[in-house]
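First the structure, in the form of structure tokens, and then the observations on it.
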Amino acid sequence: MAAAAESSGLTLGLYMSLIIAYLFLNSSLNLINKWALGHAGFRFPFLLTSCHMLFGFCVLAPVALRDGWESHRATLRKQWRGVACIGAFLALNIALSNISLMDISLSLNQIIRSAIPVVACVLSIVVESKYPSPQEAASLVVLSCGVMLAVWQGTVAGKPYAIALSVAATVSNAAMMTFSSKLMSEKLDVVRLTFYVAPVSLTCLAPFFWIYERESFAAYWPSHQEGAGLIMLVSSIMAIAYNLVHALMIKNVSVVATTVLGEFKIICLLVLSAMLLGEGSEFTFKMTLGCLLAMGGFAAYGHIKIKAAREGVKPPLLATSGSADRDLETQLLKKGGGA
């Protein structure tokens with residue numbers, strides 16, 4: 001993937017720093033959210049995400065609004081459809097995934113969401129006309145199957161409607177990333193994109209909070225104000241940092257490569273938990289096989305992308321050199337003939 005750094009204009013050091021920041025913030029935000037929603041008793045995912053959106057909008061407002069209203073009006077007049085799609089797909093991904101978990105096992109939910117690199121690849125073809133090579137497509141399938149096998153906990157129960165919602169959430173996630181890539185390729189910068197999308201997602205999430213969480217949060221808040229406020233603040237700070245880095249990843253690395261890194265992170269966390277947390281006894285043959293498949297798919301995908309990038313750079317250089325040599329020969333022949 002190092003060749004992608006050259007095509008995106010980033011130095012190799014900045015490119016690797018971006019990847020490390022993405023993996024760190026992705027893991028940290030997931031850990032904070034899981035702790036808050038699963039262990040701290042703050043069981044309000046729609047409210048928590050709404051806080052992330054509102055906090056990000058407020059933090060970015062001073063930076064984004066320096067350009068003046070006319071500049072924003074011109075941008076939104078051209079890009080409002082894409083911004084609306086990204087905000088809606090972001091909200092749908094969160095809402096549908098959370099609703100589906102009420103009647104689907106977590107294992108099946110993770111298996112479905114492990115297919116996101118393949119879904120993102122298909123949507124990149126439809127939206128951006130970016131076609132993968134057969135080898136690249138095969139490596140994505142191997143990677144996704146390996147992650148599915150590694151995260152499978154043996155239970156795949158779920159009601160049909162919940163399975164459908166989980167699939168729709170996965171498609172929405174991939175669609176959000178694909179449309180983000182398309183808009184940023186049309187010169188919409190990361191700060192503006194995040195600033196524009198926040199109120200759209202906030203508007204879309206508000207009905208879900210009102211229906212599913214309003215009454216329970218009203219009962220929860222009076223006795224947990226300090227802890228709940230700290231959870232919302234800390235996770236919102238992490239979320240704005242992650243959203244900006246995630247957008248930079250999509251812009252400079254590509255949608256599919258970003259999802260591939262996300263899948264690889266899952267496998268790394270499984271392996272590290274087995275090595276560092278003494279969970280090796282829980283690492284079954286199935287999980288080991290899945291991790292090996294996923295790592296093989298990741299390695300194959302990286303090799304294919306690097307090889308394709310190198311082959312894409314060399315021919316123009318050779319052609320330019322050959323053209324220059326031919327021009328020089330022509331000039332020498334003309335001079336010789338004139339003599």
Side-chain angles (χ1 to χ4, degrees), residues 17-60 87 90-102 106-107 109-110 113-114 116 147 151 166 169-170 172-173 176-177 180 190 194 197-198 201-202 204-206 208-209 212-213 216-217 220-221 223-250 258-259 261-277 279:
S17 298
L18 180 61
I19 292 177
I20 293 171
Y22 167 73
L23 293 175
F24 171 76
L25 289 171
N26 184 298
S27 302
S28 300
L29 184 60
N30 284 337
L31 183 62
I32 290 174
N33 287 343
K34 287 181 179 179
W35 173 80
L37 298 171
H39 299 281
F42 190 89
R43 302 183 182 278
F44 310 103
F46 298 122
L47 175 62
L48 190 61
T49 308
S50 298
C51 291
H52 297 170
M53 297 295 109
L54 181 60
F55 183 84
F57 180 81
C58 294
V59 168
L60 295 177
L90 175 60
L92 280 175
N93 169 41
I94 298 164
L96 296 179
S97 180
N98 286 328
I99 295 172
S100 70
L101 285 173
M102 293 189 296
L106 181 60
S107 178
N109 178 267
Q110 290 178 323
R113 295 183 74 81
S114 297
I116 191 170
V147 176
V151 301
S166 183
T170 302
S172 297
N173 191 9
M176 179 270 294
M177 297 176 67
S180 296
V190 171
T194 309
V197 166
S201 297
L202 189 60
C204 293
L205 286 169
F208 293 100
F209 165 73
Y212 292 100
E213 299 176 353
S216 55
F217 181 73
Y220 172 86
W221 175 252
S223 58
H224 300 83
Q225 291 185 19
E226 185 176 345
L230 186 61
I231 287 172
M232 289 187 284
L233 177 61
V234 173
S235 64
S236 294
I237 294 172
M238 292 293 296
I240 182 60
Y242 170 73
N243 289 338
L244 291 173
V245 170
H246 186 234
L248 284 171
M249 282 288 295
I250 293 172
T258 301
T259 62
L261 285 169
E263 298 289 89
F264 184 67
K265 178 213 68 178
I266 295 173
I267 297 301
C268 289
L269 289 177
L270 287 174
V271 174
L272 287 174
S273 65
M275 295 173 59
L276 302 178
L277 302 180
E279 297 179 359

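Annotation: side-chain hydrogen bond (donor to acceptor under 3.5 Å, both in side chains) contacts of Thr49 (sequence neighbours excluded): none. Checked against side chain to side chain contact (heavy atoms under 4.5 Å, CB included), Phe264 has the following partners two or more places apart in sequence or in another chain: Cys268, Met295, Phe298.
The shortest non-hydrogen separation linking Gly87 to Val197 is CA-CG1, 3.7 Å. What you find for Ser235 and Leu29 is that their closest heavy atoms are O-CD1, 3.8 Å. Across Cys204 and Ala91, no two heavy atoms sit closer than the pair CB-CB, 3.5 Å. Of all heavy-atom pairs spanning Phe46 and Ile99, the tightest one is CZ-CG1, 4.2 Å. Annotation for Ser114 and Val147: closest pair OG-CG1, 3.3 Å, computed over non-hydrogen atoms. Residues Met53 and Asn243 share a closest heavy-atom pair of CE-ND2, 4.0 Å.
To the nearest 0.5 angstrom, Thr258 atom OG1 is 6.0 Å from Tyr22 atom OH. Here CG of Leu47 is found 9.0 Å from CH2 of Trp221. Values are rounded to the nearest 0.5 Å. Put simply, CG on Leu92 and CG on Leu205 are 9.0 Å apart, with the number rounded to the nearest 0.5 Å. To the nearest 0.5 Å, the span separating CG on Leu37 from CD1 on Ile32 amounts to 11.5 Å. Note: Thr259 OG1 to Met177 CE = 5.5 Å, rounded to the nearest 0.5 Å.
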Step by step, work out the side chain to side chain contact (heavy atoms under 4.5 Å, CB included) result for Asn33 and Met238.
CA-CA 10 Å; Asn33 287 343; Met238 292 293 296; over 6 Å; no
Does Ile250 form a side chain to side chain contact (heavy atoms under 4.5 Å, CB included) with His246? I'd like the steps, not just the answer.
CA-CA 6 Å; Ile250 293 172; His246 186 234; 3.7 Å; yes
Report the C-alpha separation of Asn93 and Arg113 in whole Å, then their side-chain angles, then the decisive distance to 0.1 Å, and conclude whether the side chain to side chain contact (heavy atoms under 4.5 Å, CB included) test is met.
CA-CA 11 Å; Asn93 169 41; Arg113 295 183 74 81; 2.8 Å; yes
Kindly determine whether Leu60 and Ile240 satisfy side chain to side chain contact (heavy atoms under 4.5 Å, CB included), including the steps that lead there.
CA-CA 9 Å; Leu60 295 177; Ile240 182 60; 3.9 Å; yes
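Between Phe44 and Phe42, the two ring planes are perpendicular [angle over 60°; tilted spans 30° to 60°].
No more than 12 heavy atoms of other residues, nucleotides or ligands sit less than 6.0 Å from atom CD of Glu226.
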